[in-house]
Number of protein chains: 2
Amino acid sequence: MDKDKKKKTIYDLAVLAEASPSAVSSVLNGTWEKRRISKKLAEKVMKIAENQGYNLNAQASLLRRDKSNIVGMIVPKYDNRYFGEIAEQFEAMARSKGMFPVVTCTQRDPELEFEAAKELVGYQVECLISTGATDPDRIAAFCKAAGVQALNLDLPGKDAPSVISDNYAGARDLTSLILRRCRSDLGWEGPLRFIGGRLSDHNTAARLDGFMDAHKELGLKVPNENIQASGYSAKAAWDSLKDFRPFGPTGIFVNSTISLEGVVRWHSQLSEGTENIRFGCFDRDPFGKFLPGNVGMVEQDVLQMLEVLFELIGQPNLENKVTLIPCNLEEF
Amino acid sequence: MDKDKKKKTIYDLAVLAEASPSAVSSVLNGTWEKRRISKKLAEKVMKIAENQGYNLNAQASLLRRDKSNIVGMIVPKYDNRYFGEIAEQFEAMARSKGMFPVVTCTQRDPELEFEAAKELVGYQVECLISTGATDPDRIAAFCKAAGVQALNLDLPGKDAPSVISDNYAGARDLTSLILRRCRSDLGWEGPLRFIGGRLSDHNTAARLDGFMDAHKELGLKVPNENIQASGYSAKAAWDSLKDFRPFGPTGIFVNSTISLEGVVRWHSQLSEGTENIRFGCFDRDPFGKFLPGNVGMVEQDVLQMLEVLFELIGQPNLENKVTLIPCNLEEF
DNA sequence: AATGTTTGCACAATCGATTGAGCAAGGTGC
DNA sequence: GCACCTTGCTCAATCGATTGTGCAAACATT
């Protein structure tokens with residue numbers, strides 16, 4: 001059975017079944033009724049395949065077929081629940097629709113993003129989803145040249161349809177919540193600080209708009225130095241705050257759970273006044289709720305985003321428009 | 001250039017370069033010097049390939065070659081930092097070694113684990129790594145029949161080499177720490193409760209051994225009802241505790257960050273006595289440090305595990321032994 | 001000039017599965 | 001008994017790249 005290490009092929013099975021390779025192939029890929037193979041032979045072949053531990057060579061099969069059913073996705077990181085859930089749900093949904101998902105993690109590195117995209121196209125993906133990509137348009141252009149559908153998730157692009165969260169509204173609502181809680185809990189009116197992210201990034205820019213508008217609604221001005229979108233790491237957030245010793249009450253809008261790690265570190269190291277600080281975070285983490293001072297988190301609706309995304313997969317001639325998915329704000 | 005949607009092949013390039021497909025192939029895969037193709041032709045072909053946006057068809061290439069350089073990994077979930085880091089680091093290390101990583105997430109579903117493993121073998125992976133798999137031996141047997149190397153990570157198996165954390169020592173040390181802190185912070189001696197995981201799971205069993213031995217060292221008996229390894233979800237942990245209203249001081253050994261979510265929820269909902277509770281968790285989360293009552297977390301040494309793992313990849317005739325990697329205990 | 005060597009490439013088989021076309025045997029209708 | 005259909009398969013081309021073999025031309029050697 002497994003005497004020799006080589007994989008069984010349909011030719012091996014054909015010999016054993018005393019049938020032709022094409023008959024074996026059609027039995028194994030389920031087209032045997034269409035091809036008028038007798039039930040008797042089909043069962044014989046299937047039994048032999050089972051006994052021999054036959055496994056389809058996907059490379060050979062895909063080479064010949066026109067549809068691959070492979071859907072590719074690139075993701076920046078697995079270091080937060082948001083991208084983790086995206087990857088997990090994407091795989092589950094793809095499988096439930098009979099597709100084969102391939103997800104690869106590109107570390108927020110633009111070159112790696114592009115290289116990985118090329119590799120996935122080489123694997124004949126039918127659709128390539130760029131999640132949170134630095135330069136989605138470069139990937140979209142490459143896909144277009146190769147005749148592969150491109151879609152953007154989380155961060156939008158001009159050259160492919162995009163499905164993203166409504167960052168503006170989510171941030172505006174979160175800002176309003178933090179301001180309200182600052183007033184009710186601390187008797188303090190604002191303005192808040194904005195920590196984390198990068199202004200060149202579409203989502204951070206949209207969130208900052210929401211942040212500013214929520215202040216405007218209350219007639220509040222935000223001084224420039226309150227905006228500290230200095231990057232995506234915990235350390236960057238910590239660096240932004242490390243010399244800040246609040247006189248009295250303070251509120252902070254935290255732009256990601258990674259930034260939150262830095263903020264909480266700063267908060268926990270303050271010698272005094274920690275009870276006079278309120279913050280909220282864009283993106284959710286199950287432990288966030290238990291962090292002292294945290295008044296709420298924005299949960300992006302991953303399921304809904306992916307549902308919309310999967311409706312686009314396989315559709316020809318789509319407009320390159322951006323679909324906004326509302327977020328859920330959880331108050332603590 | 002990209003007028004028609006079809007992908008360019010080496011045959012298209014051959015026509016444009018007025019050369020043979022085999023010459024084009026060897027230029028593009030770097031064997032042209034070995035095959036005595038002139039530098040002049042090589043440069044011409046490379047330029048044309050660039051202009052035409054040529055991309056290798058991996059299926060065709062792999063079908064013909066003997067080595068695929070693909071390494072596959074199955075992972076249960078992306079909902080915690082541990083598996084997230086494993087996936088991310090695995091991909092990064094594989095790439096740095098010139099391999100192509102394919103990671104797929106199997107939701108702790110034994111059937112899906114096996115199906116995904118078969119699919120990856122169908123994609124001609126050279127090595128398949130089962131991470132935290134429910135039934136690694138079934139996968140190993142399948143791999144063996146197909147002549148594919150199998151390795152286990154995080155959870156051991158009998159039929160393939162395994163690289164796992166030293167769960168026993170990690171748990172023993174964590175238990176000792178919690179007991180020590182219960183004594184110093186609360187003046188209480190134990191015994192602790194053990195929450196989360198499943199006793200049928202090797203790692204939980206090993207951790208429970210460590211937990212028991214740490215108690216034994218101090219001459220402490222642990223009553224059976226203190227062991228509540230009732231599953232891997234936050235809800236299961238919460239269910240274990242929800243009717244528990246501690247009289248006075250209490251300490252808890254939490255068996256995973258997912259279980260910790262449930263424990264913290266219970267803790268935060270107690271009406272009184274929360275300051276008399278200490279706990280520690282096997283596995284690390286960056287927010288764990290800031291949770292009130294948390295005295296320490298065990299960090300599994302993902303980097304070291306993967307380094308050992310990568311040394312095994314490609315080695316023939318390995319013993320099916322288990323390599324234990326020490327954990328790092330962080331005290332808060 | 002005859003022979004040997006090197007250079008530079010092309011030819012054709014091959015990997016394993018898929019699929020349109022075709023064909024022999026058996027059955028049906030008149 | 002002949003024409004026609006159905007059944008149940010087989011044949012052979014094909015997908016795109018790789019690779020062992022072969023061969024003509026250029027060059028070198030004696």
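Ring geometry for A:F114 versus A:F142: interplanar angle over 60°, hence perpendicular rather than tilted (30 to 60°).
Distance, A:Q59 CD to D:dA17 C1': 12 Å, rounded to whole Å. As a whole-Å value, the separation of A:D12 CG from C:dC15 P is 11 Å. The distance from atom CG of A:N55 to atom C1' of C:dG16 is 13 Å, rounded to the nearest whole Å. One interatomic measurement links the two molecules: CG of B:N57 to P of C:dA17, which rounds to 17 Å at whole-angstrom precision.
If you check every strand for non-hydrogen atoms under 4.0 Å, A:L56 touches sugar and phosphate atoms only.
Counting only distance, with no hydrogens or angles, the side chain of B:N203 and the backbone of B:N167 share no donor-acceptor pair below 3.5 Å.
Pairs of residues two or more places apart, or lying in two chains, that qualify as salt bridge (Lys or Arg N to Asp or Glu O under 4.0 Å) and include a residue from residues 110-139 of chain A are A:K67-A:E126, A:E111-A:R138, A:E119-B:R95, A:D137-A:K158. Sorted pairs that involve residues 24-43 of chain B and meet salt bridge (Lys or Arg N to Asp or Glu O under 4.0 Å), not counting sequence neighbours, are lacking altogether. Listed by first then second residue, pairs satisfying salt bridge (Lys or Arg N to Asp or Glu O under 4.0 Å) with a partner in residues 69-85 of chain A read A:K77-B:E88, A:R81-B:E261, not counting sequence neighbours.
Contact check for A:Q52 versus A:D12: no side-chain heavy atoms found under the 4.5 Å cut-off.
Aromatic rings from A:Y123 and B:Y123 are positioned such that their centres are separated by 6.0 Å or more.
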Between the protein and nucleotides 24-29 of chain D, which nitrogen or oxygen pairs are less than 3.5 angstrom apart?
none

Every protein N/O lying under 3.5 Å from an N/O of nucleotides 9-13 of chain C:
from, atom 1, to, atom 2, distance (Å)
C:dC9, OP1, B:S38, OG, 3.3
C:dC9, OP2, B:S38, N, 2.4
C:dC9, OP2, B:S38, OG, 2.4
C:dA10, OP1, B:S20, N, 3.2
C:dA10, OP2, B:S20, N, 2.8
C:dA10, OP2, B:S20, OG, 2.6
C:dA10, N6, B:R35, NH2, 3.2
C:dC11, N4, B:S22, OG, 3.0

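Between B:N29 and the phosphate of D:dT18, there is a side-chain N or O to OP1/OP2 separation shorter than 4.0 Å.
A search for salt bridge (charged side-chain N to carboxylate O under 4.0 Å, His left out) contacts involving A:E319 returns nothing, not counting sequence neighbours.
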